[in-house]
Peer 1: 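To start, I am sharing the structure in question, which I have written as structure tokens.
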Amino acid sequence: MPEATVETRASEATHSGSTQQVDVAVVGAGFAGLYILHRLRKAGFSAVVLEEAGDVGGTWYWNRYPGARCDIQTIDYSYTFDPELDKAWTWSEKYATQPEILRYLGFVADRYDLRRDIRFGTKVKQATWDDASERWLITTDNGANVSCRHYIMATGCLSSPKPPEIDGVKDFKGEVYFTGRWPHEGVNLKGKRVAVIGTGSSGIQSIPLIASEAAQLTVFQRTPNFALPAGNGPQPEDRRTFFETDRAAYREQARWSLAGVPYPQQTVVSWQLSDAERRERFEKAWAAGDLVHILTQLWADQGVDVDGNAILCDLIREKIGEVVKDPETLAALTPQDHPFGSKRPCLDTNYYATYNRPNVTLVNLRQEPIKEITAGGISTDKRSFDVDVIVFATGFDAMTGAILAVHPITGRGGKSLSSVWAHGPQSYLGLTVAGFPNLFMITGPGSPSVLSNMAVSIEQHADWVVDRLIALRDAGFTSMEATETAQAGWAQHMADCSMLTLHRLANTWYTGANVPGKAQGVMPYTGGVGPYRSICNEVVGRGMLGFHLKGPGGAEQCNDGEIVRLQPDVRLVLGMLAEMNLPPIETMGAAGARDFLNEFNKGRPAGRPVGEVGEGMLQGADGPLPYKLYRPATPGPHPIVVYFHGGGWVLGDHESDDPFCRDMCRRTGMIFVSVNYRHAPEHRFPAAPEDGYAATRWISEHAADLGGRPGPVLVAGWSAGANVAAVTCQLARDRGGPQIAGQLLLSPVTDCIFDRPSYVENATGYFLTRGLMYWFWDIYCSPADRTDPRASPIRGKLEGLPPAFVTTAEFDPLRDEGIAYAEALAKAGVPVEQLKARGHFHSSFVMVDVVITGVPGRIKMAEALRRFAGLPAQMDTVRRAPPPEVNAAAS
Ligand code: NA7
């Protein structure tokens, strides 16, 4: 049945005295408020929407400046809740203008008869929670106050314009306009001298149109932005066809995507592509005129890694250079201080070319800051500009501004939201705040909001909130409130997510940096729309985890806890593995498990280029062993690290940790030699450690032949390989060499007991299970041999060993034996550093370019290895890609 004809229960607001009584009050009649009202009514709640403006539209009601358009393709920037609505409206352009979007929102309001429950021209003055009645009291500046059970802020993220922050605005005798509050009747700029301050999206969209009308335009720019041509026109054929072919699938893909637009996850990394291939992808993206495309579809590392991003920045700068004629203007317009995408990039129509016009001047505020605004114009510390009109395109107090503008919001115990947020916004899921029962935010700080297609995020948030209200009502509860634990956990998860992208590297409105005095920190959720959706669903699936529910007669439910304790990318990896529905590895047999590992490794991102990769044979304990050598691009000779791969003494070889060896070679500036020590069941204990020791001795003796620095070598290993590395250090001490300068042990196997807490806590569920460890041990080593220090190095003598860096992962059965080994080493007088990796699992650090949050850990490891080798802890740079790799035999 079409949604429009579904009978909605009339909103049964009642008045008691001068107070309007409703189940739910919503602030804002934009995209979010309209949809929420529709859903609330359908669910049988009485509701009122309070809206300061004279009509629906929210942001699109106010932002009427010349050239205002959306910059997500309008095919995507639409409601999706009603397939009939989807069909009933056709956008005329790829990027609709503000008037068309406003018409659309008006059309939606009419179609669902929403206006009758919206109080226009009504500003909320304050909102206070009353614990006794479990209701919010909302004071308005127009008409009755409102008493409601639930209070929903649908106030938008970019709707509270920033004050000018420049002295003298009041003295200016000409006209002053804000792009975010543009007069409805329009502005005649013909023949006038106009100043525009600000070059964000609003400035970049309006400047070309203002330039074509005004006699003279002076643009005052603080930070140059990346902009790409929108290429507006009809909806692109490819997207329309995809959409028309299966609308439901199109919408569903958007809901689970990273940005709320149905693009696939890019898996090819920049260094797998030649210059020509990268350029081809870039040109295609440039021509597509689509922000989400250019932000996500070129190469997988573009949004997560400064090197991958820098390649794209260079290509865009080239494009800007092809357009702007004056060198000084070009230099000022070319962004240099932030990665592409870390600051909101823009879509433009003739933006850069506008600066070639004779009536346009760019003032670079980095070189001559604005001193003041005077009666006649704007003075910088070098010049004065006489103007008739000043347009402030200076942006918004984003994300929190519009919520806190509805001030004060007073929660339980008289706490005000502005004081709770004094040091930055706190929330659970970006939807709720501890201490503020029954208060909900749509696209609030802590939700994907502005880093996504807002239309998709708004629907998801609104659905989640209204579904919760229904469930609450059905269960007989009257209030829900986030717990402090859940909120603190979300803050931690947000901080972890912020390491996934480059947004933290720029001063922007995403981080609060555009508003003087505002607390700094990445405010939107950077983990992606799909993952966020699954987390919100998980909260419900786990019995409203992190919420305290209350009802009449003392009914209560509190399922306290943190929803995500894993690092966000580890959560995704484990989710993907779970979806593969694999049989346990220990049921595959050794050969089957090896085949699986080989196949699995084929799907991972290719390791990064290093100076040279070579292969050769060295002498093991009982015959020759293959090795792979990774040489840095920097001039040698380099110290050598002997590396032992993971795989439970059964799986893997000298190539199986290839991305890790490459990464560490680049980060340390050292040669890594990965050794294919012998494996069980063909070669059981003590073949592996004896090979480890023999290989280390051989490499040390042949250091110069390998192009390495003669003298002590270093050893490193992961998992069973770390066991081999640890044992090698003990054997080298006891057998008269070789000299080892340091050991890096990643999640080492150090003991043969299986009842430490980490074995119990992580027995199942994090890929390396207790069952798999039993299987490895059984294949490798008979029970009688397991207490031999060559199998369980924690049982050996630990004095006199080389300095160690030991990493352990929180969600790993091996965690506690790694910690125990580090502590035992320290007790024995060995210098030890530990890295206890919170939220990580056994494979985190070797899943290079997959588990991005492993990067800081590998940086620490590299610094430790360099210190052990007597080098300065930090390399000059590993930022830019080294020269192309040469494949050559090392010896
Ligand atoms: P933005 O993107 O915040 O842009 C504001 C611009 O104004 C930006 O260039 C600022 O420079 C500049 N600005 C802000 N304050 C000042 C002062 N005091 N002096 C000089 N220049 C200043 O806002 P928009 O309205 O363009 O776009 C907002 C979002 O709406 C957009 O991202 C889309 O999502 C839609 P800065 O970069 O801070 O140095």
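Both counts, for ligands and for their atoms, begin at 1 and track the order of listing. Bear in mind that the values here come from a model prediction, so they are computed numbers and not experimental data.
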Peer 1: Quick one: sort the Phe243 and Tyr250 rings into parallel, tilted or perpendicular, breaks at 30° and 60°.
Peer 2: perpendicular

Peer 1: Checking a contact table here: which protein heavy atom is nearest atom 6 (C) of ligand 1, and how many Å away?
Peer 2: Ala393 O, 3.3 Å

Peer 1: For Tyr104, run the ring-ring contact (aromatic ring centres under 6.0 Å, His included) check against Trp60, Tyr77, Trp89 and tell me which one passes.
Peer 2: Trp89

Peer 1: Check if Pro164 has a non-hydrogen atom at a distance under 4.0 Å from any atom of ligand 1.
Peer 2: yes

Peer 1: For atom 36 (P) of ligand 1, find the nearest protein heavy atom and state the residue, atom name and distance (0.1 Å precision).
Peer 2: Thr223 OG1, 3.4 Å

Peer 1: What is the nearest protein non-hydrogen atom to atom 23 (O) of ligand 1, stated with its residue, atom name and distance?
Peer 2: Gly395 CA, 3.2 Å

Peer 1: Pull out every atom of ligand 1 sitting under 4.0 Å from any heavy atom of Ile197, numbered as shown with elements.
Peer 2: 20 (C), 21 (N)

Peer 1: When you compare the side chain of Arg69 with that of Gln98, does any pair of heavy atoms fall below 4.5 Å?
Peer 2: no

Peer 1: Less than 3.5 Å between some nitrogen or oxygen of Ser201 and one of ligand 1, yes or no?
Peer 2: yes

Peer 1: Looking only at protein heavy atoms, identify the closest one to atom 12 (C) of ligand 1 and say how far it is in Å.
Peer 2: Gly198 CA, 3.7 Å

Peer 1: Of all the heavy atoms in Lys162, does at least one lie under 4.0 Å from an atom in ligand 1?
Peer 2: yes

Peer 1: Hey, would you say the Trp286 and Phe282 ring centroids sit under 6.0 Å apart?
Peer 2: yes

Peer 1: Non-hydrogen atoms of Met454 versus ligand 1: any pair closer than 4.0 Å?
Peer 2: no

Peer 1: Among all protein heavy atoms in this structure, tell me which lies nearest to atom 9 (O) of ligand 1, with the distance rounded to 0.1 Å.
Peer 2: Thr199 N, 2.9 Å

Peer 1: Could you check if a side-chain atom of Thr400 sits within less than 4.5 angstrom of a side-chain atom of Met523, using non-hydrogen atoms only?
Peer 2: yes

Peer 1: For the ring pair Phe385 and Phe220, is the centre-to-centre distance below 6.0 Å?
Peer 2: yes

Peer 1: Give the ring-plane orientation class for Tyr525 versus His493, where under 30° counts as parallel, over 60° as perpendicular and anything between as tilted.
Peer 2: tilted

Peer 1: Could you establish whether Gln205 and ligand 1 come within less than 4.0 Å of each other, counting only heavy atoms on the residue side?
Peer 2: no

Peer 1: With a 4.0 Å cut-off on heavy atoms, is Leu365 in contact with ligand 1?
Peer 2: yes

Peer 1: Give a yes-or-no answer on whether the side chains of Ser384 and Ser379 include a donor-acceptor pair shorter than 3.5 Å.
Peer 2: yes

Peer 1: So, His184 versus Tyr61, ring centres under 6.0 angstrom or not?
Peer 2: yes

Peer 1: With a 4.0 Å heavy-atom cut-off (strictly under), which part of Thr394 contacts ligand 1: side chain, backbone, both or neither?
Peer 2: both

Peer 1: Can you check which of Asn507, Leu158, Asn63 brings a heavy atom nearest to atom 30 (O) of ligand 1?
Peer 2: Leu158

Peer 1: Would the Phe440 and His461 ring centres measure less than 6.0 Å apart?
Peer 2: no

Peer 1: Suppose we measure from atom 18 (N) of ligand 1 to each protein heavy atom; which comes out shortest, and what is that distance?
Peer 2: Glu165 OE1, 3.2 Å

Peer 1: Nearest to atom 2 (O) of ligand 1 by heavy atom, Tyr65, Tyr510, Phe178, Trp509: which?
Peer 2: Trp509

Peer 1: Ligand 1 and Thr179, any nitrogen or oxygen pair closer than 3.5 angstrom?
Peer 2: no

Peer 1: Could you find the nearest protein heavy atom to atom 26 (O) of ligand 1 and give me its residue, atom name and distance?
Peer 2: Ser202 N, 2.8 Å

Peer 1: Hey, which of Arg193, Lys173, Lys192 is the one that makes side-chain hydrogen bond (donor to acceptor under 3.5 Å, both in side chains) with Asp388?
Peer 2: Arg193

Peer 1: So, Asn309 and Gln302: side-chain donor and acceptor under 3.5 Å apart, yes or no?
Peer 2: no

Peer 1: Taking only heavy atoms of Arg366, which atoms of ligand 1 are found under 4.0 Å from at least one of them?
Peer 2: 39 (O)

Peer 1: To the nearest 0.1 Å, how far is atom 38 (O) of ligand 1 from its closest protein heavy atom, and which atom is that?
Peer 2: Arg222 NH2, 2.9 Å

Peer 1: What atoms in ligand 1 come closer than 4.0 Å to a heavy atom of Gly200?
Peer 2: 2 (O), 4 (O), 6 (C), 8 (C), 9 (O), 26 (O)

Peer 1: Under 3.5 Å between some N or O of ligand 1 and some N or O of Lys343?
Peer 2: yes

Peer 1: Is the gap between the ring centers of Phe81 and Tyr35 under 6.0 Å?
Peer 2: yes

